[in-house]
K.L.:
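Below you will find the structure I want to go over with you.
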Protein chains: 2
Amino acid sequence: MKNIIKQLRKKSNMTQAKLAELCKASRQTINCIENDKYDPTLELAFKIARALEKNIEEVFIYE
Amino acid sequence: MKNIIKQLRKKSNMTQAKLAELCKASRQTINCIENDKYDPTLELAFKIARALEKNIEEVFIYE
DNA sequence: ATTAAATGTCAAAAGTTTTGGACAATTTGA
DNA sequence: TCAAATTGTCCAAAACTTTTGACATTTAAT
């Protein structure tokens with residue numbers, strides 16, 4: 001699973017900490033997901049997508 | 001988190017077992033997700049959506 | 001009414017994600 | 001160049017998802 005969180009986040013001038021705050025997740029979690037350490041739960045994927053004003057499939061790429 | 005797996009699955013004339021097989025998941029997992037016992041991981045959500053020929057956001061409704 | 005298929009459910013174990021705290025490394029900009 | 005901000009990383013514990021196997025209940029069809 002790939003994602004373009006980092007790109008979208010920078011486009012929005014947002015730090016990992018800020019994105020984490022918006023998602024009510026920890027900064028470490030955002031960092032791990034951004035760096036493909038593991039995949040988020042569906043709920044967190046929704047929160048991230050919403051914070052970045054995108055659909056899930058615009059943020060996360062499966063296959 | 002809501003989902004319309006059951007409706008889509010029936011529309012496709014698919015049993016839980018068949019959907020599970022397509023997703024390479026267990027029947028119980030599909031059953032639990034259908035009945036809102038817990039939310040899937042993002043990866044499984046993708047597999048379910050693909051098996052039902054939908055986007056994730058057409059299958060799962062967040063808020 | 002009987003059967004088979006499909007669905008619902010339980011419990012225990014294994015696997016995965018998320019967290020907090022802490023600190024190192026890198027980037028940014030004054 | 002220095003300090004501050006940001007990012008990367010480690011650990012261990014908590015929380016959550018998934019699996020297997022088993023059995024009960026419901027549904028559908030004959």
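Just so you know, these numbers use all the heavy atoms, side chains as well, and skip hydrogens, waters and symmetry mates. Protein chains get the first letters and strands the later ones, always in sequence-line order, with residue 1 at the start of each.
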K.L.:
On the side chain of B/Arg27, is there an atom forming a donor-acceptor pair with the base of C/dG8 - under 3.5 Å, no angle test?
P.N.:
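Counting by modelled atom types and ignoring angles, a donor-acceptor contact under 3.5 Å is found here.
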K.L.:
Answer yes or no: is there a side-chain heavy-atom contact under 4.5 Å between A/Leu8 and A/Glu53?
P.N.:
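No; the side chains remain at least 4.5 Å from each other.
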K.L.:
Could you tell me whether the side chain of B/Ile5 reaches within less than 4.5 Å of the side chain of B/Leu52, counting heavy atoms only?
P.N.:
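When only atoms from C-beta onward are counted, B/Ile5 and B/Leu52 do touch, with a gap below 4.5 Å.
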K.L.:
Rounded to the nearest angstrom, tell me the gap between atom CZ in B/Arg9 and atom P in C/dA5.
P.N.:
17 Å
K.L.:
Please name the pair of heavy atoms, one in A/Glu57 and one in B/Ile56, separated by the smallest distance, quoted to 0.1 Å.
P.N.:
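Minimum heavy-atom separation between A/Glu57 and B/Ile56: OE2-N, 2.7 Å.
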K.L.:
OP1, OP2 of C/dT17 versus side-chain N and O of A/Gln28: anything below 4.0 Å?
P.N.:
no
K.L.:
Heavy atoms of chain B, cut-off under 4.0 Å: which first and last nucleotide of DNA chain D, 5' to 3', fall inside that, if you could look?
P.N.:
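The protein-touched segment is D/dT17 to D/dA22.
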K.L.:
A/Lys10 has an atom NZ; how far is it from atom C1' of C/dT27, in whole Å?
P.N.:
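Result: 9 Å.
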K.L.:
Are the side chains of A/Thr29 and A/Leu44 in touch, meaning some heavy atoms are under 4.5 Å apart?
P.N.:
yes
K.L.:
What's A/Lys24 touching, base or sugar-phosphate or nothing? Going by heavy atoms closer than 4.0 Å.
P.N.:
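Touches sugar-phosphate only.
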K.L.:
Mind listing the closest non-hydrogen atom pair of A/Leu42 and B/Met1 along with its distance?
P.N.:
CG-CE, 3.9 Å
K.L.:
Please tell me if the side chains of A/Lys18 and A/Glu21 come closer than 4.5 Å, counting only heavy atoms from C-beta onward.
P.N.:
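Yes; the side chains approach each other to less than 4.5 Å.
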K.L.:
Just wondering, do A/Leu22 and A/Met14 contact through their side chains at under 4.5 Å, heavy atoms?
P.N.:
yes
K.L.:
Taking the side chain as every heavy atom from C-beta outward, state whether B/Ile48 and B/Asn3 have any pair of such atoms under 4.5 Å apart.
P.N.:
no
K.L.:
Got a sec? Which of residues 29-55 of chain A come in under 4.0 Å of DNA chain C, heavy atoms?
P.N.:
A/Thr29, A/Ile33, A/Tyr38, A/Asp39, A/Pro40, A/Thr41, A/Leu44
